[in-house]
Amino acid sequence: MENGEIPEDANENCPGPQSESAGRSDACQGCPNQSICATAPKGPDPDLVSIAERMATVKHKILVLSGKGGVGKSTFSAQLSFALAAMDFQVGLMDIDICGPSIPKMLGLEGQDVHQSNLGWSPVYIESNLGVMSIGFMLPNPDDAVIWRGPRKNGLIKQFLKDVYWGELDFLIVDAPPGTSDEHISIVQCLEATGIDGAIIVTTPQQVSLIDVRKEVSFCKKVGVKVLGVVENMSGLTQPLLDLKFLKTTETEEQVDVTEWAAEYIREKAPELLNLITCSEVFDSSGGGAAKMCRDMGVPFLGKVPLDPQLCKAAEEGRSCFGDQKCRVSAPALKKIIENLLESQGFSTMSIDDKA
């Protein structure tokens with residue numbers, strides 16, 4: 001049983017193991033934990049004191065959330081961390097998606113290990129000012145499934161906060177799993193006393209995603225976490241014209257690749273088209289997308305990031321999309337969102353381009 005947490009097999013209306021009536025109230029009769037709760041020491045969770053001491057050197061704490069999985073939340077967390085580090089901030093990225101840790105892959109840190117020092121666990125550093133912590137560094141085999149119940153997940157999250165030596169940080173970015181479950185409740189409770197600046201919520205434009213994002217916004221309001229804004233990711237498949245693949249259907253209904261012919265034809269016959277950007281709506285946004293949802297729920301809309309194959313490739317290769325000109329359509333959109341976020345929250349007026 002974790003300190004202060006209600007056991008999963010507790011009776012309905014359990015007063016909680018820290019309550020003065022724990023093990024003695026009428027609601028405790030017949031509970032398998034009754035004798036333990038009756039004799040257990042009461043008082044504040046000592047782990048929260050250790051967490052507060054560790055977090056005292058962290059200026060800003062930002063949660064990155066999503067209602068639905070697969071919307072690009074971890075991609076955004078990774079690129080946000082890359083961008084802040086490029087602006088000379090001291091940045092920590094904590095991956096609390098215990099069952100699906102993708103942050104090591106997206107930062108090019110696969111195969112790295114966590115090391116212990118006399119100060120605690122050391123984050124894995126991609127740059128001198130960008131440290132990362134994830135259960136992905138602790139798995140003997142990257143294909144191993146993490147099959148844990150809530151209390152064990154919560155215990156690891158506490159360890160990431162109290163046992164990891166983050167040092168002096170300007171920003172701690174917390175990449176959470178989709179939904180509103182144990183991990184979300186745990187991180188909010190653990191950081192509540194030290195202050196959470198707020199949450200960024202990532203979604204895609206279609207209603208099937210927005211339905212769950214509304215629940216995420218409601219969660220934040222209920223637990224007192226400020227919604228810093230919502231990002232609409234994968235907002236249209238957008239890429240330069242010559243990055244497209246062209247196919248031709250034959251009389252036998254086979255598809256033949258004619259990309260080279262089409263590219264050459266455009267260069268010779270219509271060179272004015274070479275600088276065009278193509279855009280196609282992959283997800284239905286006829287309901288108004290994230291912008292309308294934000295108006296309806298009274299939360300800030302941070303902007304749209306297009307579905308860019310080059311950004312997907314940068315995530316697969318574990319690199320920043322700001323380091324070169326390959327992410328021509330997504331990098332400017334992300335840059336604008338991040339700089340607007342920093343300005344609106346009073347974090348900084350420095351531009352990503354100042355250090356990138």
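Because the structure is a prediction, the values reported are computed rather than measured.
Under 3.5 Å, the side chains of K68 and Q206 contain no donor-acceptor pair of N or O atoms.
The closest side-chain heavy-atom distance from S102 to D97 is not below 4.5 Å. Taking 4.5 Å as the limit, some side-chain heavy atom of D257 sits within range of a side-chain heavy atom of K245. Residues V208 and F283 have side chains not in contact (no heavy-atom distance under 4.5 Å, counting atoms from C-beta outward). Using a 4.5 Å heavy-atom cutoff, the side chains of I211 and K215 are in contact. Counting only heavy atoms from C-beta outward, the side chains of V202 and S77 never approach each other to under 4.5 Å. Residues F137 and D113 have side chains not in contact (no heavy-atom distance under 4.5 Å, counting atoms from C-beta outward). When side chains are defined from C-beta on, M297 does not count as touching V227, because their heavy atoms never get closer than 4.5 Å.
Within a 6.0 Å sphere centred on OH of Y265, heavy atoms belonging to other residues, nucleotides or ligands number 12 at most. The environment of E264 atom CD is dense: over 12 non-hydrogen atoms of other residues, nucleotides or ligands sit within 6.0 angstrom. For NZ of K162, the number of neighbouring non-hydrogen atoms (other residues, nucleotides, ligands) closer than 6.0 Å is greater than 12. Surrounding CD of E272 are more than 12 heavy atoms belonging to other residues, nucleotides or ligands, all under 6.0 Å away. Within a 6.0 Å radius of CZ in R54, other residues, nucleotides and ligands contribute more than 12 heavy atoms. Within a 6.0 Å sphere centred on CG of D144, other residues, nucleotides and ligands contribute more than 12 heavy atoms. With a 6.0 Å radius and a threshold of 12 heavy atoms from other residues, nucleotides or ligands, K292 has its NZ atom at or below the threshold. Heavy-atom contacts from other residues, nucleotides or ligands closer than 6.0 Å to CZ of F301 number more than 12.
A side-chain donor-acceptor contact under 3.5 Å links S117 to the backbone of G120. A donor-acceptor pair under 3.5 Å links the side-chain atoms of D197 to the main chain of K61, judged by distance alone. Checking side-chain atoms of T249 against main-chain N and O of E254 turns up no donor-acceptor pair under 3.5 Å. When atom types are taken as modelled, the side chain of H60 and the backbone of G198 share no donor-acceptor pair closer than 3.5 angstrom. Under the 3.5 Å distance criterion, the side-chain polar atoms of W166 are matched with a main-chain donor or acceptor of F160. The backbone N or O of G236 lies less than 3.5 Å from a partner atom in the side chain of T238, making a donor-acceptor pair. For K73 (side chain) and A176 (main-chain N/O), a donor-acceptor pair under 3.5 Å exists by modelled atom type. Side-chain atoms of N233 come within 3.5 Å of backbone N or O of V71 as a donor-acceptor pair. Side-chain N or O atoms of Q112 include none that pairs as donor or acceptor with a backbone N or O of V124 at under 3.5 Å.
Q310 contributes atom CD, which lies 11.0 Å from atom SG of C321 (distance to the nearest 0.5 angstrom). Atom CG of L228 is separated from atom CD of Q345 by 4.5 Å, given to the nearest 0.5 angstrom. Rounded to the nearest 0.5 Å, atoms CG (L311) and CD (E316) are 11.0 Å apart. Expressed to the nearest 0.5 Å, how far OG1 of T57 lies from NZ of K59 amounts to 10.5 Å. Put simply, CD1 on I126 and CZ on F82 are 4.0 Å apart, with the number rounded to the nearest 0.5 Å. Rounded to the nearest 0.5 Å, atoms OG1 (T278) and CG (L244) are 4.0 Å apart.
The two residues Q239 and P309 have their closest heavy-atom pair at NE2-CG, 3.8 Å. In terms of heavy-atom proximity, D308 sits nearest to C327 at OD2-CA, 3.7 Å. Residues L109 and Y125 come closest through the heavy atom pair CD2-O, 4.4 Å. Residues I337 and L302 share a closest heavy-atom pair of CG1-O, 3.4 Å. Across all non-hydrogen atoms, the minimal contact from S235 to K304 is OG-CD, 3.3 Å. The heavy-atom pair separating G67 from P178 by the smallest distance is O-CB, 4.2 Å.
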**Study point:** Full working for side chain to side chain contact (heavy atoms under 4.5 Å, CB included) between C312 and L307
**Key:** CA-CA 8 Å; C312 299; L307 178 56; 4.2 Å; yes
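Both I196 and L80 belong to a single network of hydrophobic side chains, linked directly or stepwise wherever heavy atoms of I, L, V, M, F, W or Y lie under 4.5 Å apart. Both L139 and L107 are members of a single hydrophobic cluster when ILVMFWY side chains are connected at heavy-atom separations under 4.5 Å. Residues F76 and V282 do not share a hydrophobic cluster, defined by chaining ILVMFWY side chains whose heavy atoms lie under 4.5 Å apart. By the rule that hydrophobic residues join a cluster once side-chain heavy atoms approach within less than 4.5 Å of another member, V223 and L65 end up as members of one cluster. Transitive grouping of hydrophobic side chains (ILVMFWY, heavy atoms separated by less than 4.5 Å) brings W121 and V58 into a common cluster.
Under a 4.0 Å N-O distance rule, the pair K153/D182 does not qualify as a salt bridge.
Each of N129, L342, L93 was checked for a side chain to side chain contact (heavy atoms under 4.5 Å, CB included) with L84, and the lone residue meeting it is L342.
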